[in-house]
Amino acid sequence: MALWPRDERTKSSLPTKRNGVVKEQNRHYPNLEQGLVGAATLSEDDNKHLSWVFVTKPSNTRLKFGRQVNIFPATRALPLETARTNTQQRAEQGANFLRTYVPDVEIPAELIRDQLVQDTIRSRELRSFDPYLGNLLDIFEPQGTRNTSYLVFPTGETNRNLNFTEICYSDASNVVFKPSAAPLHTFPTPIQQIVVSKSQTDSNLAVRTYSCTKLFNMKHVDSSSRPSVTGLASLSRKEMGNETVVDIKHSPAAPGLLAVGDNGTVFNWDISNETKAITLLHEDRDSSSEAGQFWRLSLGTNASDYFLMSSKRVVQLDTRTNFAVDLFSLSMGKHVLTYVEDSQKDNILRLCSTNQIIWMDTRFPGRPLLAYAHERQYDRYLATRYLDQWSDNPVTVLTSRNNSVITVYDVSRSVDDVIQLNTSPYFLSSEFSMYQTHIGQQIAAHDHCLGFVRLAETGEVSYSEVLPSESQCKMDYTVDMTKDMQNLAATTGKLQADIGPMGRQEFSQVDLQQAYDAIFREHFQGTEAFEEETAESVYQMLDYFPSYLQTKELPVEHMLTTYDIAFCAGDEPGNASRADFLTESIVKSKRGYRAFKQGRLSPQLVKAPWHCSIAPVLQRLDKEFQSDPLQLMDYLEKFNLSYDDDHSSKVREYEQDSCQQLILDLALSSDVYSETSILKRGEVDQTLEVMTEALSLGDEPPPIEFAYLKPLEKSSTVPAGGERKPPESPDIPIGVRLLLQGWDAADPEDYIYQDPYNSANMPVPTKPSKSATQNQLRNLVVQSQRPPPVLASNTVTFSQPEPSSRTVAQVQSQGPFLPYPGIPLGSTLVTSQLGSSQDLAISTQVLPGPHGGRPILKKKPAKKRLGGF
């Protein structure tokens, strides 16, 4: 085999001074980049002449996408984005959850925080790259049938159902997809990898889940029936030396599997002769190759050869001798290997890393044929696929789980056995979104058609036809949807992201017919039955209603409305409540409304010492309020709902009953009664006051008489065997009585409040006579020399204070102070007798002017220090 010139001298790799990243100094194989020559050599042509041959040669052969068909609908919603909360907030949420559902267990918040930190770090790592997740889509081609194949993939909300879709190549121009709604098998845990055997001797299907790995035998019965699946064996974690399987391959030598654990240990699982034998083939003992939990298997050209890849190196192994040969390794740095493909017949092994694609000949370890920098973003889900259908030279396509971008690399060996890049890399444009993620991808190839089959994260399966750039679409693609599949598509078309229990409540459907029956129908039926049972009690209540206040046993300490009197006049209710207006009463019935219209619940029938109607207040609050029941009924009927002719008469009857009950409630609450009369001050018996005045030796005012609100001083304790004393009137101090004596002959209902600070609303005072002004000044001088005398109410009778004496009018003078409130306004003698306006107020502010401030003391001169020796 001819190789490109290379530098095989050993050079050391030293870290750079800036960031410590190791630079690759010894590129001893052609490493191509966009726009670079890469490699060149002299080659002898047919004429025995030497000419330059480059690793890149021009070519116009390209591929393109044709028709695109959706084969299977989505079966699950997109995952919900993680809430953007910090670790402290998540720790508090977890602690609140535990305290709510496990109140007996006390878990420290620090422990919860530590666990959440570890969970957050692990979740971020798995979102970036999950080493346990394999390809979830594969193609099963049964033996003996050339025109039928099956797509095998998981479905369901948790990927636990193993489903299939039949592909029928009926003729050279028609392809029929037959999806199935019923799964082949259901696993207890989600599926992580599906691998179909490519051997011609058996048709085995291996499925790796979270709990175990199961092996099935899949057979095609006929075109009209489903394929049969028979379980062969199961491989558990305990049988793998307590290691979790990260990748599996069908063994080409014998029926069974090759499995690698998360520690790099390879096992051979042989199920021939109806026995299950597990053999340890290889155990990674080199600590330098330890690369976490990422390990992948690849089959070689021979039946006994296979390859084991970690994140930094690839090892070639033999099942017969367990001899390991280092095939390729990466230098130290951030870039790692991501995928290794099975070796093809030309002995070329295709490797993929985070920065380049590498083609190697398995017969020459450590000497790659070619490498090409793909310039993709750092992605550990990058993978390569081998394609040799529509081109004389096989091509390599680069795919990723994180997006839908497909890049084609036309790399193959030429006639003179030198590997070359036939054309520059290019993308295959698709109608689907570029950022759509896929958890499974395969190439479906047949004699006359080729296509990409991709499984989306939502469970949707799509088929994209691949054609040469110069050809046109000639194939017809049909999806045979059964009735079950149509129902499944209609159901899953409404899927939304699961946001927890609140999401289930939001999208749940509940029949509230029973609740409506209990609220309305049963309620009204019970009301009608209650009215029939209490008919006699209503008539007794109407007879007892007018004389209730005169015949009741206990006095009432609060005011009563008409409804309260009617309620108390009837029997005690069966279901008592804290408030009478919320208690079920016999008054609120049809008979009660008829009695109200007949006048048997009229306020005039109640004989009370004090009565007041608040109907004017209700009319002020609502101008449409009418005291007449008939007019109020007409007003309330404006709010009735509009019904069609199909509605029953019961609805209108319930509506009319509600209006009547509202009218009854408003009418019975419009009148207020009191068992105690409210008397004015002039109407109180003055006998006690006259006797007190006769016995009084001084000018002390008499005791205060209260009208309706009477404060009582109640004793808190009662001696044993004694009787409770009647409440006594409180002893009002003389100062309070002196302040209140000005209101003895006044009427509070005649009092009119006027704002003392608003001079515009004040009445204009009349100008008093000269003699009256002099008398007021004389009285003012006398009052300023001695305190005012305290006069009893029997000697001087005060009238209500005039509003004009409380207000302060505007003063026409320019002085900053207002006149004395007891002196009439507009008098010139007042100003002349009082002097300047500053005599009536005390000011603590510094006056303006050069001599108006506080005296300024001179600063004490500082003593001069005498110097000298």
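In plain terms, the two heavy atoms of His438 and Arg401 that are nearest each other are O-CG, 2.5 Å. The minimum heavy-atom distance between Ser149 and Glu141, with the atom names listed, is CB-CG, 4.1 Å. Considering all non-hydrogen atoms of both residues, Pro154 and Leu136 come closest at CD-O, 3.1 Å. Closest approach of Met434 to Val405, counting heavy atoms only: CG-CG2, 3.4 Å. Shown here for Ala233 and Ile271, the closest heavy-atom pair between the two residues is CB-CG2, 4.2 Å. In plain terms, the two heavy atoms of Arg62 and Ser424 that are nearest each other are NH2-O, 4.2 Å.
The aromatic rings of Tyr477 and Tyr463 sit tilted relative to each other, their planes meeting at an angle between 30° and 60°.
For the atom pair CZ (Phe187) and SG (Cys212), the distance works out to 8.0 Å, reported to the nearest 0.5 Å. Distance check: Ser298 OG to Leu349 CG gives 5.5 Å after rounding to the nearest 0.5 Å. Atom-to-atom distance recorded for Tyr306:OH and Leu317:CG is 4.0 Å, nearest 0.5 angstrom. Between atom CD of residue Gln436 and atom CG of residue Asn403 there is a gap of 10.5 Å, rounded to the nearest 0.5 Å. Note that the CG atom of Leu428 and the OG1 atom of Thr407 stand 8.0 Å from one another [nearest 0.5 Å]. Between the CD1 atom of Ile443 and the CZ atom of Phe452 there is a distance of 4.0 Å, given to the nearest 0.5 Å.
No hydrogens or angles considered: a donor-acceptor pair under 3.5 Å links the side chains of Asp379 and Asn402. When only modelled atom types and interatomic distance are considered, Thr230 and Asn217 share no side-chain donor-acceptor pair under 3.5 Å. In the model, Arg76 has no side-chain atom that pairs as donor or acceptor with a side-chain atom of Thr458 under 3.5 Å. There is no side-chain donor-acceptor pair under 3.5 Å between Thr265 and Glu283. No side-chain donor from either of Gln193 and Asn135 sits under 3.5 Å from a side-chain acceptor of the other. For the residue pair Tyr150 / His220, a side-chain donor-acceptor distance below 3.5 Å is found, with atom types taken as modelled. Between the side chains of Ser343 and Thr301, at least one donor N or O lies within less than 3.5 Å of an accepting N or O. Using modelled atom types, one finds no donor on one side chain facing an acceptor on the other under 3.5 Å when comparing Thr319 with Asn268. At a cut-off of 3.5 Å, with distance as the only test, no side-chain donor of Thr155 or Thr75 sits close to an acceptor on the other residue.
Residue Leu63 is tested with Leu387, Leu467, Val397 for a side chain to side chain contact (heavy atoms under 4.5 Å, CB included); the sole match is Leu387. The only member of Asp247, Thr338, Val340, Val315 that meets side chain to side chain contact (heavy atoms under 4.5 Å, CB included) when paired with Met309 is Val340.
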TODO: Apply the test side-chain contact (heavy atoms from CB on, under 4.5 Å) to residues Leu184 and Asn161: give CA-CA distance (whole Å), side-chain angles for both, the deciding distance (0.1 Å), then the verdict.
DONE: CA-CA 7 Å; Leu184 293 173; Asn161 301 328; over 6 Å; no

- [ ] Please test Asn159 against Ile439 for side-chain contact (heavy atoms from CB on, under 4.5 Å), starting from the C-alpha separation and ending with a verdict.
- [x] CA-CA 11 Å; Asn159 285 345; Ile439 56 178; 4.2 Å; yes

TODO: Apply the test side chain to side chain donor-acceptor pair (under 3.5 Å) to residues Thr186 and Arg160: give CA-CA distance (whole Å), side-chain angles for both, the deciding distance (0.1 Å), then the verdict.
DONE: CA-CA 6 Å; Thr186 301; Arg160 296 190 304 111; over 6 Å; no

Task: Residue pair Ser197, Phe140: steps toward the side-chain contact (heavy atoms from CB on, under 4.5 Å) verdict - done: CA-CA 8 Å; Ser197 175; Phe140 171 69; over 6 Å; no

Open item on the list: Does Asp130 form a salt bridge (Lys or Arg N to Asp or Glu O under 4.0 Å) with Arg380? I'd like the steps, not just the answer.
Closed with: CA-CA 9 Å; Asp130 186 4; Arg380 298 198 64 179; over 6 Å; no

- [ ] Verify side-chain contact (heavy atoms from CB on, under 4.5 Å) between Asn263 and Thr244, making sure each step is shown before the conclusion.
- [x] CA-CA 8 Å; Asn263 292 331; Thr244 303; over 6 Å; no

Task: Trace of the ring pair (Phe, Tyr, Trp, His ring centres under 6.0 Å) decision for Phe153 with Phe72 - done: CA-CA 10 Å; Phe153 51 90; Phe72 202 92; 5.3 Å; yes

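Taking a cutoff of 4.0 Å between a charged side-chain nitrogen and a carboxylate oxygen, Asp326 and Arg313 qualify as a salt bridge.
Within 6.0 Å of the CD atom in Glu470, the count of heavy atoms belonging to other residues, nucleotides or ligands exceeds 12. Heavy atoms of other residues, nucleotides or ligands lying less than 6.0 angstrom from OH of Tyr378 number more than 12. Counting heavy atoms of neighbouring residues, nucleotides and ligands inside a 6.0 Å radius, atom CD of Glu157 does not exceed 12 of them.
Using a 4.5 Å cut-off on side-chain heavy atoms (C-beta onward), Thr279 and Phe267 make no contact. Taking the side chain as every heavy atom from C-beta outward, Glu465 and Val175 never approach each other to under 4.5 Å. Residues Ile139 and Val152 are not in side-chain contact: their nearest non-hydrogen atoms beyond the backbone lie 4.5 Å or more apart. Side-chain contact between Thr213 and Ser234 is absent, with no heavy-atom pair separated by less than 4.5 Å. Between Val260 and Leu308 there is a side-chain heavy-atom pair separated by less than 4.5 Å. Contact of the Arg454 side chain with the Ser464 side chain is registered, since non-hydrogen atoms from C-beta on lie closer than 4.5 Å. Looking only at side-chain heavy atoms (C-beta outward), Leu398 and Leu382 come within less than 4.5 Å of each other. Residues Val453 and Gln441 have side chains not in contact (no heavy-atom distance under 4.5 Å, counting atoms from C-beta outward).
Asn163 places a side-chain N or O within 3.5 Å of a backbone atom of Ser180 that can act as its donor or acceptor partner. Within the 3.5 Å criterion, the main-chain N or O of Ser236 finds a donor-acceptor partner in the side chain of Glu239. The closest donor-acceptor contact from the side chain of Glu166 to the backbone of Phe164 lies at 3.5 Å or more, if one exists at all. Within the 3.5 Å criterion, the main-chain N or O of Val196 finds a donor-acceptor partner in the side chain of Asp138. The closest donor-acceptor contact from the side chain of Arg127 to the backbone of Arg122 lies at 3.5 Å or more, if one exists at all. A side-chain donor-acceptor contact under 3.5 Å links His374 to the backbone of Ser353. Tyr381 places no side-chain N or O within donor-acceptor distance of the main-chain N or O of Thr399, the cut-off being under 3.5 Å. A donor-acceptor contact shorter than 3.5 Å is absent between the side chain of Arg376 and the backbone of Ser400. Under a 3.5 Å cut-off, the side chain of Lys64 and the backbone N or O of Ser471 do form a donor-acceptor pair. Remark: the backbone N or O of Tyr132 is paired with a side-chain donor or acceptor of Arg208 at under 3.5 angstrom.
Arg350 forms no cation-pi arrangement with Tyr386, by the criterion of a distance under 6.0 Å to the ring centre and an angle within 45° of the ring axis.
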